[in-house]
Amino acid sequence: MNPSKNAAVRVRFAPSPTGFLHIGGVRTALFNYLYAKKMGGKFLLRIEDTDVERSEARFTTDILTSLSWLGIEHEEEILYQSKRLDLYQKMANDLIAQGLAYRCYCTETEVEASREQMIKEGKKPMYGRTCRERKDVPPGNPSHAIRAKFPLSGITGFTDMIRGEITFPNEDLDDFVMIRSNGVPTYNFVVVADDIEMKISHVIRGDDHINNTPKQIFLYDALKATKPLFAHLPMILGADKKKLSKRNGETSTNAYRAEGYLPEALLNFLVRLGWSHGDQELFTREEMVELFNLEHVQVSGAVFNTEKLIWIAGEHLKKADPKRLFDIIKTDFATAFPGESFAALQTPAVTKTALELIPHVQLKVKLVKELAHQLYPLLETSVMPVDASGLKWNKDETQKTKIKAAVQELMNTWTSLIASRAATTLGECGMDHARVDAELRAVSEKCGVKLGDLTQPMRLFVTGQATSAIGLFDLLPILPWKTIQARLTACLQS
RNA sequence: GUCCCCAUCGUCUAGAGGCCUAGGACACUGCCUUUUCAAGGCAGUAACCAGAGUUCGAAUCUCUGUGGGGACGCCA
C-alpha cells in the first residue's frame with residue numbers, strides 16, 4: 001500500500017451560516033479538500049447552525065454556491081447541526097450521569113460578575129465554578145445550562161501535525177458550557193459530537209481554534225471516542241497584520257467572483273498563503289492535489305496580498321479556454337455590455353468574433369471583468385464615440401491630411417478586397433497580423449507619414465478607446481469589415 | 001491581565017548545522033522591445049528581531065528578552 005494514501009482519511013469543512021463565505025474559510029476548506037484528495041480520503045461538509053439568532057438560510061445557500069463555484073466539492077450528505085439537537089441533549093445528560101458534566105443554574109449576570117472579579121485578581125477570566133459541586137436543585141427547577149466538569153489539575157495536550165506538541169495546564173481551562181439554558185448546544189460540544197459521528201480522522205482548521213482543542217480533547221475522552229489528528233493552519237492576515245476581517249480587507253468570496261477572478265486563480269493564491277512547494281508559484285488544480293502536503297504548511301500568519309493575487313489571476317487568465325471565458329462573461333459580466341450589445345452577443349456571428357478576440361485580449365488583462373470591458377467596444381457594431389483631442393495630428397494640419405489620405409487608401413484597397421471575396425472580415429481574405437503590418441508600412445511610406453502617426457488615429461477609432469488590450473494588427477483581420485469601415489469613415493470625417 | 005501560538009527582503013516564501021557573501025515570486029526602480037498598452041525581455045534595490053549558549057561551524061538547535069498575533073462568551 002502506498003503510504004501516502006490512506007482511504008480512512010475523512011476531513012470536513014464546518015462553516016457556520018452567519019455570514020457570506022469568508023476567504024479565510026475558503027482557505028481552510030481548500031486545505032482540507034486537498035488533503036483528502038491527496039490521501040484518497042473524503043472531504044465532507046457540515047453546517048454549524050446552532051446559533052439560531054445569527055444563522056440564516058441565505059448564508060447557507062451562499063456558502064454552497066461559492067464552494068461549488070470554486071470547485072470544492074464535498075462527498076456524502078451535508079450534516080446540519082440544527083437537525084440533531086435531541087441527540088446532543090442526550091449525550092450531555094449521559095455525561096452528567098457519569099460525573100463528567102453538571103447543571104449550572106447561574107444567570108448570565110452572575111457569570112459575568114465572577115469573570116470580572118477574576119480579571120481584577122489578574123487571573124484568566126473564567127466561570128467561578130459555583131455550581132460544580134452543587135447537589136440540590138434550586139426551587140422550581142429553573143432552566144439551566146450544562147457545563148463540562150473539566151479537571152482542576154494536570155495537563156491536557158496534543159501533537160499538532162503542523163506545530164508539534166502543544167500543552168495546557170488544566171487549571172487555566174474553563175468549565176465551558178456544553179448546552180445553553182435554552183437547550184441548544186454550543187460549538188465546542190457539537191464539534192466533537194459530530195466529528196465523532198462523521199468519523200473525522202483529521203481536524204484541519206485555523207489556529208484560532210488551538211485554544212479550543214483541549215476542551216474538545218476532554219470531550220473525546222469523556223465520550224470514550226478516538227481522537228482525530230489535529231492540524232492548525234496559520235491565520236490569514238490583513239495589511240495591518242491582524243486577522244483578516246471586513247475591517248482590513250475584502251473577505252467575501254462573492255466579491256472576488258464579481259471582480260472577475262477565476263476560481264482556480266483564487267485557489268492558487270490561497271494555497272500559497274501558508275503552503276509552499278519549493279519555488280513554484282503557479283499551480284493548476286491537478287498540481288495542487290498532487291503536490292499538497294501538511295509538512296510544508298507554514299506556522300506563522302500570512303498577509304493577504306492583493307497585488308500578488310492579481311498577478312496570479314492574470315497568469316491563469318492567459319491559460320484559460322476562450323470559450324469558457326466567454327461563458328463566464330455571459331453569466332457574470334453581462335452588465336459590462338450596456339445597451340443592445342449583450343443581446344447581440346448571443347448571435348453566432350458575434351460569438352465567432354468574440355472567440356477570435358479573446359485569445360488576444362486574455363493575454364493582456366488580469367481579470368474576466370477587464371476582459372468583458374475590453375470586449376464591449378469591440379463587439380459593439382456601431383461607431384463608438386471617441387475623444388480625438390489627444391491625437392498628434394491635431395498639431396499639424398498637413399500631417400492630418402496625409403494621414404487621412406493613407407487611411408482612405410487602405411479603405412479603398414480593403415473594400416475591394418472584401419467585395420472580390422464576398423467576405424465579411426479581412427481575416428477571411430487571408431489577412432493576418434504580418435500582412436496587415438506589411439500593408440500599413442507600405443502605405444505609410446507611400447503617403448509620407450510615420451507608421452506610428454498612422455496607427456494612432458486608426459487604433460483610436462477602430463477600438464473606440466484610448467488604450468486597448470489588443471493590437472491594431474491583430475484586430476483588423478477579426479472585426480467585421482462593416483464595423484471597421486464605419487469607424488474609419490468616422491475617422492476620416494473627424 | 002492570563003493562557004496559547006509565532007518571528008528570513010515591504011509582502012508571499014525557499015531554507016531540516018556546512019551547498020547561504022541567504023534563493024524564487026509579487027510589488028518597486030531602471031533599461032530594452034514595440035503600432036498602443038494594462039503585455040513581453042533584461043537588470044537592480046531589499047531580509048535571517050536581539051542577546052547569550054551548544055558546535056570546528058547556526059538563518060537552521062537551546063534558553064532569555066523583545067516584538068507581533070490569537071484565545072479567554074449560554075459566538076462559531
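Each chain gets a letter, A, B and so on, in the order its sequence line appears, and its residues count up from 1.
Scanning atom types as modelled, one donor and one acceptor separated by under 3.5 angstrom connect the side chain of A/Glu281 and the base of B/rG24. With hydrogens and angles left out, the side chain of A/Lys124 and the base of B/rC3 share no donor-acceptor pair within 3.5 Å. Below the 3.5 angstrom threshold, one finds a donor paired with an acceptor across the side chain of A/Ser181 and the base of B/rC74. Judged by atom type and distance alone, A/Asp207 does not reach the base of B/rG70 through any side-chain donor-acceptor pair under 3.5 Å. Between the side chain of A/Lys308 and the base of B/rA25, a donor-acceptor pair under 3.5 Å is found.
Taking the P atoms as reference points, B/rG10 lies 23 Å from B/rC6, given to the whole Å. For the P atoms, the distance from B/rG68 to B/rU11 is 15 Å, rounded to whole Å. Comparing the P positions of B/rA22 and B/rA59 gives a spacing of 11 Å, expressed to the nearest Å. Rounded to whole Å, the C1' atom of B/rC20 lies 40 Å from the corresponding atom of B/rC37. Using P as the reference atom, B/rG44 and B/rU62 are 36 Å apart when rounded to the nearest Å. Comparing the C1' positions of B/rC19 and B/rG23 gives a spacing of 12 Å, expressed to the nearest Å. Comparing the same atom, P, in B/rU64 and in B/rA7 gives a spacing of 16 Å after rounding to whole Å. Across B/rU55 and B/rC49, the matching C1' atoms stand 23 Å from one another, rounded to whole Å.
Looking at heavy-atom distances under 4.0 Å, A/Arg163 makes contact with sugar-phosphate atoms alone, never a base. Heavy atoms of A/Ser16 sit under 4.0 angstrom from primed sugar atoms or phosphate atoms, though from no base atom. If you check every strand for non-hydrogen atoms under 4.0 Å, A/Asp437 touches nothing. At the heavy-atom level, A/Val365 lies nowhere under 4.0 Å from the strands shown. Residue contacts shown for A/His144 are absent, as no nucleic acid heavy atom lies under 4.0 Å away.
Within the structure, a side-chain polar atom (N or O) of A/His296 is placed less than 4.0 Å from OP1 or OP2 of B/rG15. Between A/Arg115 and B/rG73 there is a side-chain polar atom (N or O) within less than 4.0 angstrom of OP1 or OP2. Side-chain N/O atoms of A/Lys215 include none lying less than 4.0 angstrom from OP1 or OP2 on B/rC4. Listed pair A/Gln362 / B/rA39 fails the phosphate criterion, with no side-chain N or O lying under 4.0 Å from OP1 or OP2.
Here the two rings, on A/His373 and A/Phe337, have centers that are 6.0 Å apart or farther. Ring centroid separation for the pair A/Phe189 and A/Phe176 does not come in under the 6.0 Å cut-off.
One can place NZ of A/Lys318 at 8 Å from C1' of B/rG40, the figure rounded to the nearest angstrom.
Listed by residue number, A/Lys241, A/Lys242, A/Lys243 are the residues of residues 236-249 of chain A with a heavy-atom contact under 4.0 Å to RNA chain B.
Between A/Tyr220 and A/Phe230, the two ring planes are perpendicular [angle over 60°; tilted spans 30° to 60°].
The side chain of A/Lys364 sits closest to B/rA39 out of B/rA39, B/rC74, B/rC75. Ranking B/rC74, B/rC12, B/rG70 by closeness to the A/Val177 side chain, first place goes to B/rC74. Which of B/rC12, B/rC37, B/rA7 sits closest to the side chain of A/Arg272 comes down to B/rC12. In the set B/rC37, B/rC4, B/rG1, the nucleotide with an atom closest to the side chain of A/Phe168 is B/rC4. Side-chain proximity of A/Pro169 to the nucleotides B/rA76, B/rC4, B/rA25 is greatest for B/rC4.
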